[in-house]
There are 2 protein chains.
Amino acid sequence: MPDLCLKSAYAVGMQTPEPTLADVAARAGVSVATASRALTGARPVSDTLHRKVRDASRELGYRRNAVASALRLQRTETVGLVLPRYTTGFLSALIESVSDGLERNDLSLVLRYSEPDALHDVGNVESLMARRVDGIIICPSSLEASQESIEAAGPVPIVQVGRFVITDRSDSVGLDEDRATQMLMAHLVERSARRVLVVGLDPDAPADARRIRALRGAAEGAADVDVAPFTAAVLDGGIRAAERLVAAGPGALPDAIVCANDDVASGVLAVLRMRGIAVPGRVQVASLLDLSPGREDLTVTTLRHPWPEMGREAVRLLLDAQQSRREPGAERIARRVSLAPQLVPGHSTRDRTVPTAPDSKETP
Amino acid sequence: MPDLCLKSAYAVGMQTPEPTLADVAARAGVSVATASRALTGARPVSDTLHRKVRDASRELGYRRNAVASALRLQRTETVGLVLPRYTTGFLSALIESVSDGLERNDLSLVLRYSEPDALHDVGNVESLMARRVDGIIICPSSLEASQESIEAAGPVPIVQVGRFVITDRSDSVGLDEDRATQMLMAHLVERSARRVLVVGLDPDAPADARRIRALRGAAEGAADVDVAPFTAAVLDGGIRAAERLVAAGPGALPDAIVCANDDVASGVLAVLRMRGIAVPGRVQVASLLDLSPGREDLTVTTLRHPWPEMGREAVRLLLDAQQSRREPGAERIARRVSLAPQLVPGHSTRDRTVPTAPDSKETP
DNA sequence: GACGTTTCTGCAAACGATTTCCAAGGAGCC
DNA sequence: GGCTCCTTGGAAATCGTTTGCAGAAACGTC
């Protein structure tokens, strides 16, 4: 096959001519069909030829062209991930775990961000469809307008994660925040908290209001739940709220303080420690949202949002849907998986076995 | 063309048969060639046919098959991004800006993570090459072993970002930390700091040692730079260091405290405020590393690492390299862009126009 | 030795869009 | 009117891989 050699030698410009399967086959002295079968193992090939092909492939530095392969197989081995922009700090753990899950199955990840203004979602899904991805994982950027982005996926499996647009077209994996919030309150009540103060939540924000309701619901008469005047949910907000509280005198101190997140809790802890108020002896402190799941310093009792698990679960649902799409059997039913944030006990709440210890030392 | 219709109608299973260009052409009553030309605008098409084709395309909900297109054009309109795992918190801003830059140029992003153990990098690049990406942006996971991952890219443009393996094969965009560190020191000296204390840096860690050197170099006799005994570079470390300092008596107080990062600075600030030490009146506080670039509370003067700009710059270099690769002109020369972290003045250092104000109020 | 039966190989046709090459038609010019 | 030039449309080749089909070879059994 002299023409093949010709092609290899005189490729455009001076670029290395990326070798093709035909080149490998020519070098091994077999047909392309055989070369393909030897490399993919799709059908048995005699030992001699198998070795010949493998050697030729290695010598030429052959790399299977995934594009051509995808065209022929009608399968790109690629999954699209669509996320809302401006929230990445939170979502990076999700990206990482999704990527990890896909890699284990030899799938590639193509990532797209949607502007918060919503119907970007549809465009992103459309664009992924044009790339013929095998599946899509999406965190809808708008609960109203993202409905049609789910539909745009047509027949390819799509999984929603983190947030959830009502539809029977897609599986989804979500967060069971209510349950987690309740668990946290139970944790405190169990440790004999009777007066609980909430810091850093804004009763006027619907999401925060819901959290407050969940806390009150879980207290259910076993404890009083007060809400401190709203201060920003950052470190400084925690500091300000705690200072105000301390200034109000020892009688104003609650048994436990529930903070919006770890930053707020850090601020509160710093003030309490400095004023010599024992934690968790006199006051217990807990946080509703772990901001840096990476760290392992168990300073503050917190709720860890299971982003890694959510990513894993999303990938699992997706692969499962792909699989069952091949077998034309029964109609698929949309599945919903809810994961609860995990309660991670830290040194800022008491050890359960130890009852109130008024003279306990400061946390180390 | 009855067979085309047949194909459309009797596609595999019950799946919607994704329409092809042939379907569109058939419906519009033209050849595929004309249909392609009408949609891509590669060559002029008469108005009548143009409209017909566009209508047919819309009616069928046609989506250009990017895979087939890529195969024919030898161009995937896709860029690979390779990042080290376990550092995403920091890198998420980078991902976002790279993604944004690519989107503006109608390029897709495929993301891969390398384990810290290094030669994963090579595998990731290889895999991206198999997908025939048009370019690669990589943050090398190992300064020793990642050399060959650059070479694995062969003729496709590759840009290093954040970290840098020496090679003449790739452009790179890096961080000019020394310059930024010096700027911060100059900022303090300008504001009449004469005794500076460094908190949260570990002289035994090479990177920290380098920062200390840079600070001393910039002080250059204009100020004394002391290093506090190492405490962990977290909020708590800042608190401990500051308490020790305050306990040593008012004479021990420096004019300015430079902290390893914002968390440390927060701890220091909390202690100073509580002990009634005026900031920035008595002591100024600054941080070498902004941990949460999203927030805009200008509490502490800090160095903001320009991840978004780095991403933008990386994309720019990549596109530029692609462009100049087409014109077979002169040999490409590797370019290196250095960006300095940006000094963001906050309320923890003085206003330059106002000289020392011994009775200034606490920061709000 | 003849005749199934298995095991391999190779040819050629997909996959779907783009582009080159050709041909036909119309406009413009002498 | 005859010529060229320009525009427009279609047939077919191309990108690189996989696979249905058919032929060939090897093997076993009677």
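Per chain, numbering begins at 1; letters A, B, ... match sequence-line order.
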Legend entry - Separation of atom CD in A/Glu77 from atom C1' in D/dT18, rounded to whole Å: 13 Å

Legend entry - Rounded interatomic separation in angstrom, taking NZ from A/Lys52 and C1' from C/dG10: 15 Å

Inset, instruction - Answer yes or no: does a side-chain N or O of B/Thr34 lie under 4.0 Å from OP1 or OP2 of D/dG9? - result: no

Legend entry - Which residue lies more 5' along DNA chain D, comparing B/Gln74 with B/Leu49 via nearest heavy atoms: B/Leu49

Legend entry - Distance, rounded to the nearest Å, where A/Arg72 contributes CZ and C/dA17 contributes C1': 16 Å

Inset, instruction - For A/Val133 and A/Thr76, work out which heavy atoms get closest and say how close. - result: CA-OG1, 3.5 Å

Legend entry - Cationic N near anionic O, under 4.0 Å, B/Glu59 to B/Arg27: yes

Inset, instruction - Would you kindly compare A/Arg43 and B/Arg43 by the position of their nearest DNA chain C nucleotide and give the one closer to the 5′ end? - result: A/Arg43

Legend entry - Cationic N near anionic O, under 4.0 Å, B/Asp320 to B/Arg335: yes

Inset, instruction - Return the value, rounded to whole Å, for the distance between atom CG of B/Leu21 and atom P of D/dC15. - result: 20 Å

Legend entry - Whole angstrom value for the distance that separates C1' of D/dT18 from CG of A/Asn65: 13 Å

Legend entry - Among C/dC11, D/dT19, C/dA17, the nucleotide that comes nearest once only the side chain of B/Ser69 is considered: C/dA17

Inset, instruction - Would you check if A/Asp100 and B/Arg85 make a side-chain contact, meaning some heavy-atom pair closer than 4.5 Å? - result: yes

Inset, instruction - Provide the closest heavy-atom pair for A/Pro84 versus A/Tyr113 in the form atom of the first, atom of the second, distance. - result: O-CD2, 4.0 Å

Legend entry - Heavy-atom closest contact (B/Ser170 atom, B/Ile150 atom, distance): CB-CG2, 4.0 Å

Inset, instruction - From the options C/dC11, D/dG16, D/dG10, select the nucleotide whose nearest atom is closest to the side chain of A/Leu71. - result: D/dG16

Legend entry - Nucleotide nearest A/Ser46 when distance is taken to its side chain, options D/dG10, C/dC8, D/dT8: C/dC8

Inset, instruction - For residues A/Val315 and A/Val98, report the shortest heavy-atom separation together with the two atoms involved. - result: CG2-O, 3.9 Å

Legend entry - Any B/Ser36 side-chain nitrogen or oxygen under 4.0 Å from OP1 or OP2 of C/dT18: yes

Inset, instruction - Counting heavy atoms from C-beta on, name the nucleotide in D/dT18, C/dT18, D/dG16 closest to the side chain of A/Thr40. - result: D/dT18

Legend entry - Spacing of A/Leu73 atom CG relative to C/dA13 atom P, expressed in whole Å: 20 Å

Inset, instruction - Can you tell me the distance, in whole Å, between the NE2 atom of A/His50 and the C1' atom of C/dC8? - result: 14 Å

Inset, instruction - Start with the C-alpha distance between B/Arg112 and A/Glu103, add both sets of side-chain angles, then the distance that settles salt bridge (Lys or Arg N to Asp or Glu O under 4.0 Å), and finish with yes or no. - result: CA-CA 8 Å; B/Arg112 328 215 91 207; A/Glu103 188 185 332; 5.9 Å; no

Legend entry - B/Tyr62 vs C/dA17: side-chain N/O to OP1/OP2 distance below 4.0 Å: yes

Inset, instruction - Would you mind reading off the distance between A/Asp23 atom CG and D/dC15 atom C1', rounded to a whole angstrom? - result: 13 Å

Legend entry - Contact nearer the 5' end of DNA chain D, comparing A/Ala33 with B/Arg37: B/Arg37

Legend entry - Stretch residues 123-134 of chain B: residues that reach within less than 4.0 Å of DNA chain D through a heavy atom: none

